[in-house]
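Here the structure comes first, spelled out in structure tokens, and everything after it is commentary.
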Amino acid sequence: MPELPEVETTRRGIEPHLQGRTIKKLVVRQPSLRWPVPDNLPRLMKGKVIQSVERRAKYILLKLSNGSAILHLGMSGSLRIIEADEPPMAHDHVDMMLDSGQALRFTDPRRFGCLLWQGVKEDTHKLLASLGPEPLSDQFDGERLFQLSRGRKSAVKTFIMDNKNVVGVGNIYANEALFAAGIRPDRAAGKISKQRYLLLADEIKIVLAKAIEQGGTTLRDFVGGDGKPGYFKQQLKVYGRGEELCLVCKGELTEIRLGQRSTVYCRRCQR
DNA sequence: ATAATCACCTGCTCGC
DNA sequence: TGCGAGCAGGTGATTA
């Protein structure tokens, strides 16, 4: 369930239950995630207070006094708050037992997610060290996209999904932002004008911010329940609508594959 | 350096 | 009803 809005919604949902709590125990049932959960992680986290619950790109960071846990949900991961005695189901790989009598449970059928560790120095982990700017920050704008894209021949959709350029733009929102900006996803990144990149950057911010805002209404789902926040599919204008009609011009949408990802656009509205 | 492909997994849908 | 094929929201590693 991993696009940036879902990760941020998850962060907001679990934060009130974690911040200030002491970790009584870390239970790792399945250490074989995308990368192995470090053997010494239970020892590092036991007895520590969770100082804050932060997010960088699609990583959720649990900050302790001696370092930070780095969580990624991969393609199918989810986090939710449970009562400590709730029995684990298949794919419930990790429980973080809290002094509140609750636990943070990490579930991930495909095991593309990860749970790693870095010391007190922030962003030193290899996975975090060379990430581009957050899409909703002032460090990200169309000027940056324009400069970085000069001379680049790859498709603009692939370009905005590259986390060196900007983080957190996954397949769904890349499709949506390009539709909103009226840009064909397969156009060479290096051949798009500065003016159009200014518009595209704005649309990326708008679509992500809107999705986060709407995610906010499902926060209750993180406690008990099934912990799945839904993807606001009803809001999507192109993603998942291949062969259907464009909501603006009523023409048939086109579906292609770009870097093996499903890509949907309108030939008339996007140039 | 850049671009394209592969790989890590399970679960679900589709067509036969 | 069963079974293989193909696909899924991520992204680092590997190959040209």
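Side-chain atoms are counted along with the backbone in the values below, which use heavy atoms only and exclude waters and symmetry mates. Letters A, B, ... mirror the listed sequences (proteins, then strands); counts begin at 1.
- The nucleotide whose nearest atom lies closest to any side-chain atom of A/F112 is, among B/dT5, B/dC9, C/dT11, B/dC9.
- Across the P atoms, C/dT11 and B/dA1 are found 23 Å apart, a figure rounded to whole Å.
- With the nearest nucleotide of DNA chain C identified for both A/K126 and A/R110, A/R110 has the one nearer the 5' end.
- Counting non-hydrogen atoms under 4.0 angstrom, A/R152 reaches the backbone sugars and phosphates but no base.
- Considering only side-chain atoms of A/R111, the nucleotide from B/dC9, B/dG11, B/dA3 that sits closest is B/dC9.
- Counting only heavy atoms from C-beta on, A/S154 has its side chain closest to B/dA4 among B/dT10, B/dC8, B/dA4.
- At the heavy-atom level, A/S262 lies under 4.0 Å from the strands shown only through sugar-phosphate atoms.
- With both pairing distances under 3.5 Å, B/dC9 is matched to nothing as a Watson-Crick or G-U wobble pair.
- For A/H91, the side-chain atoms get nearest to B/dT10 when compared with the rest of C/dA8, B/dC9, B/dT10.
- Ranking B/dA3, C/dG10, C/dG12 by closeness to the A/K153 side chain, first place goes to B/dA3.
- Distances shown here put a side-chain N or O of A/R261 below 4.0 Å from the OP1 or OP2 atom of C/dG10.
- Under 4.0 angstrom from either OP1 or OP2 of C/dG10 there lies no side-chain N or O belonging to A/Y173.
- Listed pair A/N171 / C/dT11 fails the phosphate criterion, with no side-chain N or O lying under 4.0 Å from OP1 or OP2.
- C/dT14 and B/dC9 are spaced 15 Å apart, taking the P atom of each and rounding to whole Å.
- Here A/L33 lies out of heavy-atom contact (under 4.0 Å) with every strand.
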